Amino acid sequence: MQELARGALDKMAVELGTTAQYSFRLGETRVPVNPLIGKTVRLEYLGEIHCSHCGRKTRKSFSQGYCYPCFTKLPQCDTCIVSPERCHHELGTCRDPEWGQRFCMTDHIVYLANSSGIKVGITRATQLPTRWLDQGASQALPILRVATRQQSGLVEDLLRSQVGDRTNWRALLKGDAESLDLPRIREQVLDACAEGLQSLQARFGLQAVQPLPDAEVVEIRYPVTVYPTKIVSLDLEKTPVVEGTLMGIKGQYLMFDTGVINVRKFTAYRVAASSA
């Protein structure tokens, strides 16, 4: 077994290509993961977690990679990140107004994605297609451009009356979702929500919520040789050494012949990666 790298684990870097291309991020080191498919791979938890913001050692990771003090103070850990419609920037109570200006008061995309079935989601315009790849979507289609994160959350909340916003991760890892006609679904959803969208445009301005009728469906393929027939979840806290033949990668999941592991869940854990 040859060690490839060790350091604080982060979510895998991923790029869109003919097939999605993944890399481990361990500290400052990047290790391509696609070439490891079909080989024995080992991830060993080294017993330490260091906050991905301040670097302090912590017994537990909060919000995927933060110590508790950072979790309670950083804007990226605030409740409005999970529920954007609850943004309180305009009230002057943002944990870091400058951070909010850079990351929240900027264009966001409302999209439809097909991972374990159809869902609606939002992300910063600069985060596409990374967001889709992280979610394991096999198809995705931008449908609206929205001026701020809060407004995108209000739009998403409106569209949830027609389309869910959850991914069934077990279904995601059992195979590719059946192909869907996303442009047709887009028209159905926007038609059903037309009155609500017009109300939001009246509230925030016509340019705040703009349809994207010319956007094209993005098709994504993942490097998977065999999907598992039974999903066994692997946990570095319970089993510090995860090892097996790597069968594929989808979203932020590694699929071994011994089980599956969500790499992002263990952000900030010190890990050694090896392969044979």
Side-chain angles (χ1 to χ4, degrees), residues 11 53 62-66 70-137 140-169 182 185-213 215 251-252 264 267:
K11 77 181 182 94
H53 178 75
F62 295 86
S63 192
Q64 296 179 338
Y66 299 97
C70 285
F71 170 69
T72 60
K73 295 176 183 177
L74 292 175
Q76 56 266 46
C77 298
D78 205 347
T79 54
C80 51
I81 297 301
V82 177
S83 302
E85 66 277 9
R86 296 170 63 183
C87 172
H88 46 97
H89 188 276
E90 64 181 12
L91 301 177
T93 54
C94 182
R95 290 181 176 183
D96 184 340
E98 184 179 340
W99 187 95
Q101 196 67 41
R102 291 201 316 272
F103 289 96
C104 301
M105 303 300 150
T106 185
D107 281 0
H108 278 63
I109 298 295
V110 180
Y111 62 84
L112 295 175
N114 181 16
S115 47
S116 59
I118 192 67
K119 63 161 284 183
V120 62
I122 62 173
T123 192
R124 292 197 310 277
T126 56
Q127 287 299 101
L128 295 181
T130 303
R131 179 65 171 164
W132 301 331
L133 291 159
D134 283 346
Q135 292 182 333
L141 176 65
I143 61 173
L144 295 163
R145 181 179 292 271
V146 185
T148 70
R149 182 172 178 81
Q150 181 197 38
Q151 292 164 21
S152 71
L154 293 170
V155 171
E156 182 186 36
D157 191 47
L158 175 65
L159 269 53
R160 274 198 291 259
S161 65
Q162 304 297 314
V163 183
D165 66 342
R166 302 287 181 180
T167 298
N168 182 332
W169 68 273
L182 296 190
I185 297 172
R186 171 189 61 194
E187 298 312 312
Q188 291 174 342
V189 170
L190 294 183
D191 284 349
C193 298
E195 185 176 339
L197 290 170
Q198 289 169 4
S199 294
L200 289 173
Q201 287 176 323
R203 177 180 172 185
F204 295 109
L206 191 62
Q207 297 302 310
V209 182
Q210 303 178 54
L212 300 172
Q252 284 292 320
R264 188 170 194 168
T267 298

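Just so it is clear, the values below take in all heavy atoms, side chains as well, and ignore hydrogens, waters and symmetry mates. Every value quoted in this text rests on a predicted model; they were computed, and no experiment measured them.
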Would you list the pairs meeting side chain to side chain donor-acceptor pair (under 3.5 Å) in which at least one residue belongs to residues 79-90, sequence neighbours left out?
-> Asp78-His88, His88-Thr93

For Ala215 and Pro142, which heavy atoms make the closest approach, and how far apart are they?
-> CB-O, 3.4 Å

Who are the side chain to side chain contact (heavy atoms under 4.5 Å, CB included) partners of Arg203, not counting sequence neighbours?
-> Leu154

Step by step, work out the side chain to side chain contact (heavy atoms under 4.5 Å, CB included) result for Leu144 and Leu197.
-> CA-CA 10 Å; Leu144 295 163; Leu197 290 170; 4.1 Å; yes

CD of Gln162 to CG of Leu190: how many Å apart, nearest 0.5 Å?
-> 10.0 Å

Check the pair Ile109 / Leu212 against side chain to side chain contact (heavy atoms under 4.5 Å, CB included), numbers first and verdict last.
-> CA-CA 10 Å; Ile109 298 295; Leu212 300 172; 4.1 Å; yes

For His108 and Phe103 the tightest heavy-atom approach is CE1-O, 3.5 Å

The side chain to side chain contact (heavy atoms under 4.5 Å, CB included) partners of Gln127 (sequence neighbours excluded) come to Thr123, Arg124

Please confirm whether the backbone N or O of Thr72 pairs with a side-chain atom of Arg95, one donor and one acceptor, at under 3.5 Å?
-> yes

For Phe204, the ring pair (Phe, Tyr, Trp, His ring centres under 6.0 Å) test, sequence neighbours excluded, returns none

Sequence-distant partners of Glu98, salt bridge (Lys or Arg N to Asp or Glu O under 4.0 Å), two or more places apart = Arg102

What pairs of residues pass the salt bridge (Lys or Arg N to Asp or Glu O under 4.0 Å) test when at least one of them lies in residues 142-156, not counting sequence neighbours?
-> Asp107-Arg145, Glu156-Arg160

Roughly how far apart are Asn114 CG and Trp132 CH2, rounded to 0.5 Å?
-> 13.0 Å

Minimal non-hydrogen separation, Ser115 against Ala137, with atom names | CB-CA, 3.9 Å

CG of Leu74 to CD1 of Ile81, rounded to nearest 0.5 Å, is 10.5 Å

Could you name each residue pair satisfying salt bridge (Lys or Arg N to Asp or Glu O under 4.0 Å) that touches residues 186-195, not counting sequence neighbours?
-> none

Output all residues satisfying side-chain hydrogen bond (donor to acceptor under 3.5 Å, both in side chains) with Thr267, sequence neighbours left out; order by chain, then residue number.
-> none

Locate the shortest heavy-atom distance separating Cys70 from Cys77; write the atom from each residue and the value.
-> O-SG, 4.3 Å

side-chain hydrogen bond (donor to acceptor under 3.5 Å, both in side chains) against Tyr111, all qualifying residues, sequence neighbours excluded | Gln135

Report the C-alpha separation of Val120 and Val155 in whole Å, then their side-chain angles, then the decisive distance to 0.1 Å, and conclude whether the side chain to side chain contact (heavy atoms under 4.5 Å, CB included) test is met.
-> CA-CA 10 Å; Val120 62; Val155 171; over 6 Å; no

How many angstroms lie between CD in Gln76 and CG in Asp96, if you round to the nearest 0.5 Å?
-> 8.0 Å

State whether the side chain of Ser161 and the backbone N or O of Leu158 hold a donor-acceptor pair below 3.5 Å, judged by distance alone.
-> yes

Roughly how far apart are Gln201 CD and Gln210 CD, rounded to 0.5 Å?
-> 8.5 Å

List for me each residue that meets side-chain hydrogen bond (donor to acceptor under 3.5 Å, both in side chains) alongside Ser152, sequence neighbours excluded, and say none if there are none.
-> none

Hits for side chain to side chain contact (heavy atoms under 4.5 Å, CB included) against Leu182, two or more places apart or cross-chain, chain-then-number order -> Ile118, Gln139, Leu141, Leu180, Ile185, Val217

What residues form a side chain to side chain contact (heavy atoms under 4.5 Å, CB included) with Gln252, not counting sequence neighbours?
-> Lys11, Met12, Asp134, Asn262, Val263, Arg264

Run the side chain to side chain contact (heavy atoms under 4.5 Å, CB included) check on Leu200 and Gln151 step by step: do they pass?
-> CA-CA 8 Å; Leu200 289 173; Gln151 292 164 21; over 6 Å; no

Looking only at heavy atoms, what is the nearest atom pair of Cys94 and Pro97, with distance?
-> O-CD, 3.7 Å

